[in-house]
Trainee: 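Here it is, the structure, as structure tokens.
All values derive from a computational prediction rather than experimental measurement. Residue numbering restarts at 1 for every chain, and letters A, B, ... go by the order of the sequence lines.
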Amino acid sequence: MPQMNMVQAINDALRLEMKRDDRVVILGEDVGKVGGVFRVTAGLYDEFGDDRVIDTPLSEGGIIGAAIGMALYGLVPVPEIQFSDFIFPAYDQIVSELAKMRYRSGGEYPAKLVIRTPVGGGIRGGLYHSQSPEALFMHVAGLKVVCPSTPYDAKGLLLASIRDPDPVLFFEPKRVYRAAKGEVPEGDYTVELSKAAVVREGNDVTILAWGAMLYEALAAAGEAQKQGIECDVVDLRTLWPVDIDTIIASVKKTGRVVVVHEAPKTCGFGGELVALVNEKAFLHLEAPPMRVTGFDTPFPYTLEMEYLPLAHRILPAIVETARY
Amino acid sequence: MPQMNMVQAINDALRLEMKRDDRVVILGEDVGKVGGVFRVTAGLYDEFGDDRVIDTPLSEGGIIGAAIGMALYGLVPVPEIQFSDFIFPAYDQIVSELAKMRYRSGGEYPAKLVIRTPVGGGIRGGLYHSQSPEALFMHVAGLKVVCPSTPYDAKGLLLASIRDPDPVLFFEPKRVYRAAKGEVPEGDYTVELSKAAVVREGNDVTILAWGAMLYEALAAAGEAQKQGIECDVVDLRTLWPVDIDTIIASVKKTGRVVVVHEAPKTCGFGGELVALVNEKAFLHLEAPPMRVTGFDTPFPYTLEMEYLPLAHRILPAIVETARY
Amino acid sequence: MAPADKADRARGGTTSDDLVVLLYRQMVLVRVVDERLIALHREGRIPAHTGARGEEAAILGAAAALRSQDWIFPSSHEIGAALWRGISLQSYAHKVLGNALDPGKGRELSERLGARKAKIASPSCVAGAHIAHAVGFAWGAKSRREDVVALAYFDRAATSGADFHNALNFAGVFKPPVVLFCRTTEASRASRETASASVADKAIAYGIASSSVDGGDLVAVLSTVRDAVTTAASGGGATLVEAITPRPGGADDPIARLRRALDARDLWNDAKQAELERQLDAEVMLAITEAERTIDPLVATLFDDVYAVLPWHLREQRALLEKE
Amino acid sequence: MAPADKADRARGGTTSDDLVVLLYRQMVLVRVVDERLIALHREGRIPAHTGARGEEAAILGAAAALRSQDWIFPSSHEIGAALWRGISLQSYAHKVLGNALDPGKGRELSERLGARKAKIASPSCVAGAHIAHAVGFAWGAKSRREDVVALAYFDRAATSGADFHNALNFAGVFKPPVVLFCRTTEASRASRETASASVADKAIAYGIASSSVDGGDLVAVLSTVRDAVTTAASGGGATLVEAITPRPGGADDPIARLRRALDARDLWNDAKQAELERQLDAEVMLAITEAERTIDPLVATLFDDVYAVLPWHLREQRALLEKE
Ligand SMILES: Cc1ncc(C[n+]2csc(CCOP(=O)(O)OP(=O)(O)O)c2C)c(N)n1
Ligand SMILES: Cc1ncc(C[n+]2csc(CCOP(=O)(O)OP(=O)(O)O)c2C)c(N)n1
Ligand SMILES: [Mg+2]
Ligand SMILES: [Mg+2]
């Protein structure tokens, strides 16, 4: 099996699906001739032409609004938003139109598209090239939200997302775009949506993480082991609808939970996960579920490594939870 | 003291503050000559003129973008968004500009404005005249979020919001715009931000609610009493930064919590409140905190009373929590 | 058979007397519907109804200029286009009541009518949001090399929004086969939406074609929009058409005006008019009465169509609601 | 004394030789800064730097056309305007490093420079967002009847966004004293942003004035923007100015061009040029070296300026971070 990084794996998935299904089109800022600022769409313009790999004006609202129209026509658009920080000019089209189209039309008009966009900090991008906006989409009924952490999952989840009947926000953890490497099968395969992966097993503490922070969770779990604490590390992979069964099974085993995410704490997905665990496994809880997250500030520039919930901030939470 | 409904109380606050502070200006769709679709700004155009009560083009993005500029000049704009469902075209200006201006400029450029907008269902408004988007703003650092439930609080909180140095989203529960009546002092007073009100006392279950749902919570608490369950009903009033001390004091007393909100459940403020209670009062919890909320669907039209978390849906949660 | 199909048969590209009379009857139908529904609302029998009085010639002229394969993207109040395309009065009456037989499943306001079988897209309450969809849809047709034109209806206020800007900019750059049809009411021209001399002038900013037409003149609208459709279908890209519509009721009333012309040529008379109005009024009343007798949508339907398949959390929420 | 102040003294509305030479020196300064910073980035000493090569005449001509009471709303890369307004090289160098002496507190990318004392607003990374702020700011001045003009810099790509549309539409309707200054690079004209014949043409859609100017010609830009400022200051409302800027380095390079003119009139020569470049380069290197020696912002500052006063949750988060 070839080794790929995440950029290559996503590129591979896009190429494969564009060959398999001629309804798939890509549009966005500099996705065509330039191949994307992170090179994720590199080569596709040459291979599929400018009818299917489309450079657009600098307007996220226009990109998503037009993509919805294309979807209504029967195409399967996979628009790229260059940085998830710039998705907000399209927020109205996403939450008022895309998310509600099937519902408001009584099921007549599903609007299917996959919005790909890089998320997360750690690349010295400052306020507007670093954010993790997943919760702002999960609160809106009708959307699915996916965030892979490995090249294998990135390809398999993207193929599953494109073939899924519902609109998907596909968040790509750009800090590990190149750093995350692994074996990726050639050809077609999917990773089922709404299935988490237990990537490390342990009986003491459950860690829920995804995207780039999965690696921090794993590093912290490794350190914790040295202190005799064994962690179950769950990579959620699909954030919504989340794989509740895997989460609850793990929590019933460990009785202790740490949630990790880059986004600000308040009203982030962490709070939702804590509430779900309370609702479904209250009597199993032996310690208060803890959240290790980005702070409730805008994303900083110089101090970004202080902002991120890195392993050294996760470890004390694991220990505190385990010893509670 | 005069009796007022909430529309009158807000109108009174606006008039008072516009007289007191000539930097205060109102802008929005039909806020001037028409006096607002809910008549909240009635009479102000005649009193203060079209320099200070400004009818704008139909563009929420333009309203907020221009208001931010006015604020930078030194005015104190109080823009109205006609329905909170239509705030999303301005979402980028609010979350990327307004919320981050002070921070990104190293404190040089606070951008102070109060965005007034009606929220909530129960007026047969369908998908786009009914939503409660508070969580979508609370997750974004830099914003304050207020939602009054009574005319007294509406006036006092609005005056406090306008005088507060930070940007405030002021959500008005339109279902009780006219139904909520009460004594409202003439003249100047404020209700401090970030202070909740315990509006009914009891030792068995804490109910956290705000806006129009406060009345449902109170009705349910009344019914619960008939079954021997005494509820502490906390009207949060300021949603963020929330009055954590009042919440935790109540939970430590009761050990049982029910959160009520109209917004969809997933990643709503309810999840955050459950997580905060876990973090700060875990050992006091005698039952899993429960959430009684809108469903994870778009807001429906015909079935809106089935969607809303009315008293008859809150009561079983209170009973279940109390008997856990 | 839908009036549009009858017309298609009668027509062959020309404006026959038959077609004009057919359209005249539809204009009267729409007026009767509007007046009847406004009266029924006053009686409290149905929700608020705005209607399109004065805009009948614009709406029907544009609809009738389309070919059977062409699509309509409505904003609001374009019920006339739906009836023209063969949606039955009965079906519309069910929608007005939002009952169990409403094809939209009681999810949206009564004047927001989409219907796949009539090639009418799902309208949004967010002013202008659909204009981008029409552009994307037509772009889809272009990229599939299929001969389909999309027409978006909107009004002057919608030109202030971001979606208008995005849609027209993308239309200029990508040249999809689309007609952007603005209904500018005489009354709205006084409002402060824009300082441009006309809406049609705005086309210059996007490098697209435009035309202005007297929106009170059915035949003129028909012919102007036919030209725009021909341009679109032959690869000429988008046209922005501005139809300025008269105040209803006066001498310029589009129905009265067309009536005078038909009378003068002996194609219509008082007796026909009286008979038509009597018949249509009876049909409307029958349809509404039947709709009033129909039950509301079943509570369980609240959860359908959020996603293609009900996920676990909506299954849980549905079970909860059904238990109550 | 800021170069702008020297110029103000020298000037009195005319374009004296002194002023032109002063501006020439500033253009050279900006070019030296850009080249040096690009080289330092290649050495890995500073973050990425784009610069504004080829746009110096446009940026400085526009800045110099403003009066001392006028405000600048920058997009990015307009460091030249900041230096013109008296921001020191040293202060800018601290910003480039994002260190503890960066007045922006290390929160934003190095080319996003605002400064209240220089009357330069806080720039956003979101393309075009600030154009609406400039309009609102100028509107504020107008409503306070104060003689202040705002100038927004942006580039052609920003015209595709919603904020451009909103800003220009509001500018047309409310006639604030604002200059909307588009830097259109020769290179960007080939990109698919718009099908309009020019950016200047877009003014027609908003009923505002416009002009086009050779952005490689300092004196032409100065005089065109002065006219726009005069129009604005005398109640004539907004002007959209499009400055088309040449590719840098070639025969049209704005610095080379101005140099030829000055040489021809004996206002400049090779010796002066060599001396100036040597001196400026030394100043830049000194400033950067000094900035490199300065520590990062203190960790606790991460939480400042989110709100005017630290709320409880940020106090908690700060304590947590400081504990680690
Ligand atoms: C984005 C958005 N903001 C606000 C509204 C609420 N709204 C509906 S109609 C309207 C006034 C403009 O309508 P206009 O076309 O001038 O009047 P109509 O023809 O509908 O009577 C407003 C503000 C909306 N539908 N969409
Ligand atoms: C709303 C928004 N979307 C995307 C971006 C990312 N972005 C920055 S520059 C750029 C390309 C357009 O820049 P242009 O002015 O043509 O090039 P420049 O002059 O900056 O080299 C893009 C897409 C942005 N800053 N803002
Ligand atoms: Mg209208
Ligand atoms: Mg540029």
Trainee: As an exercise, state the distance from CG of C:Asp304 to CZ of A:Arg102, rounded to the nearest 0.5 Å.
Mentor: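 Output value for this atom pair is 10.5 Å.
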
Trainee: Between C:Ser143 and A:Asp51, what is the shortest heavy-atom contact and its length?
Mentor: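 Closest approach of C:Ser143 to A:Asp51: O-OD2, 3.9 Å.
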
Trainee: Could you tell me which of A:Asp92, A:Asp22, A:Ile64 has the largest number of non-hydrogen atom pairs under 4.5 Å with chain C?
Mentor: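 Option with the greatest count: A:Asp22.
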
Trainee: Using non-hydrogen atoms and a 4.5 Å limit, figure out which bit of A:Ser194 sits close to chain C: side chain, backbone, both or neither.
Mentor: neither

Trainee: Side chains of C:Phe73 and A:Leu72: closer than 4.5 Å at any heavy-atom pair?
Mentor: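 Yes, close enough: below the 4.5 Å cut-off.
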
Trainee: C:Val173, C:Asp102, C:Ile120: which one forms the most heavy-atom pairs within less than 4.5 Å of chain A?
Mentor: C:Ile120

Trainee: Using a cut-off of under 4.5 Å on heavy-atom pairs, state which of C:Ala134, C:Pro297, C:Pro123 scores highest against chain A.
Mentor: C:Pro123

Trainee: For the pair C:Tyr307 (side chain) and A:Leu143 (backbone), establish whether a donor and an acceptor sit closer than 3.5 Å, ignoring hydrogens and angles.
Mentor: yes

Trainee: Please output the residues of residues 126-133 of chain C in contact with chain A, using a heavy-atom cutoff of under 4.5 Å, in numerical order.
Mentor: C:Val126, C:Ala129, C:Ala132, C:His133

Trainee: Which heavy atom of A:Leu75 sits nearest to which heavy atom of C:Arg144, and what is that distance?
Mentor: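 The answer is CD2-CD, 3.4 Å.
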
Trainee: Drop me the distance from C:Asp305's CG to A:Tyr109's OH, to the nearest 0.5 angstrom.
Mentor: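 Answer for the CG-OH pair, C:Asp305 versus A:Tyr109, is 14.0 Å.
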
Trainee: Tell me which of these, C:Gly114, C:Gly104, C:Pro176, has more heavy-atom pairs under 4.5 Å with chain A than the rest.
Mentor: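 Sorted descending by pairs with chain A, the first entry is C:Gly104.
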
Trainee: With a 4.5 angstrom heavy-atom cut-off, which part of C:Pro311 approaches chain A: side chain, backbone, both or neither?
Mentor: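 The side chain, not the backbone.
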
Trainee: Give the member of C:Arg116, C:Arg112, C:Glu108 that has the highest number of heavy-atom pairs under 4.5 Å with chain A.
Mentor: C:Arg116

Trainee: Any side-chain heavy atom of A:Lys280 within less than 4.5 Å of one from C:Glu316?
Mentor: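 With C-beta onward as the side chain, the pair touches.
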
Trainee: What are the two closest heavy atoms between A:Asp55 and C:Phe174, and how far apart are they?
Mentor: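 Looking at all heavy atoms of both residues, the closest pair is O-CZ, 3.4 Å.
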
Trainee: Need one label for A:Ala141: side chain, backbone, both or neither, based on atoms under 4.5 Å from any heavy atom in chain C.
Mentor: both

Trainee: Which atoms of A:Lys144 are under 4.5 Å from chain C, going by heavy atoms: the side chain, the backbone, both sets, or neither?
Mentor: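 Backbone plus side chain of A:Lys144, per the 4.5 Å heavy-atom cut-off to chain C.
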
Trainee: What part of A:Ile63 gets closer than 4.5 Å to chain C, counting heavy atoms only: side chain, backbone, both or neither?
Mentor: both

Trainee: Considering all heavy atoms of both residues, which atom of A:Gly106 and which atom of C:Arg107 are nearest to each other, and what is their separation?
Mentor: CA-NH1, 3.7 Å

Trainee: Between C:Trp139 and A:Ile54, is a side-chain contact (heavy atoms from CB on, under 4.5 Å) present by the stated rule, with each step listed?
Mentor: CA-CA 12 Å; C:Trp139 189 5; A:Ile54 307 162; 3.6 Å; yes

Trainee: Identify which part of A:Arg52 has an atom lying under 4.5 Å from any heavy atom of chain C, answering side chain, backbone, both or neither.
Mentor: neither

Trainee: Against chain C, work out which of A:Gly74, A:Gly61, A:Pro165 has the most heavy-atom pairs shorter than 4.5 Å and name it.
Mentor: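 Maximum pair count with chain C is reached by A:Gly61.
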
Trainee: Applying side-chain contact (heavy atoms from CB on, under 4.5 Å) to C:Ser122 and A:Glu108, what does each step give before you reach the verdict?
Mentor: CA-CA 8 Å; C:Ser122 168; A:Glu108 274 208 324; over 6 Å; no

Trainee: Identify the heavy atoms of A:Met70 and C:Gly140 that sit nearest to each other, and give their distance.
Mentor: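 Shortest heavy-atom separation between A:Met70 and C:Gly140 comes out as CG-N, 4.5 Å.
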
Trainee: At a heavy-atom distance under 4.5 Å, which candidate from C:Gly106, C:Pro103, C:Ala115, C:Cys125 has the highest pair count against chain A?
Mentor: C:Ala115

Trainee: At under 4.5 Å between heavy atoms, what parts of residues 158-170 of chain C are in contact with chain A? List them by residue number.
Mentor: C:Asp163, C:Asn166, C:Asn169, C:Phe170

Trainee: For a side-chain contact (heavy atoms from CB on, under 4.5 Å) check, start with the C-alpha distance between A:Arg104 and C:Ser124, then their side-chain angles and the critical distance, and finish with the verdict.
Mentor: CA-CA 9 Å; A:Arg104 79 176 184 215; C:Ser124 180; 3.5 Å; yes

Trainee: State, to 0.1 Å, how close A:Val242 and C:Trp312 come at their nearest heavy-atom pair, and which atoms those are.
Mentor: O-NE1, 2.8 Å

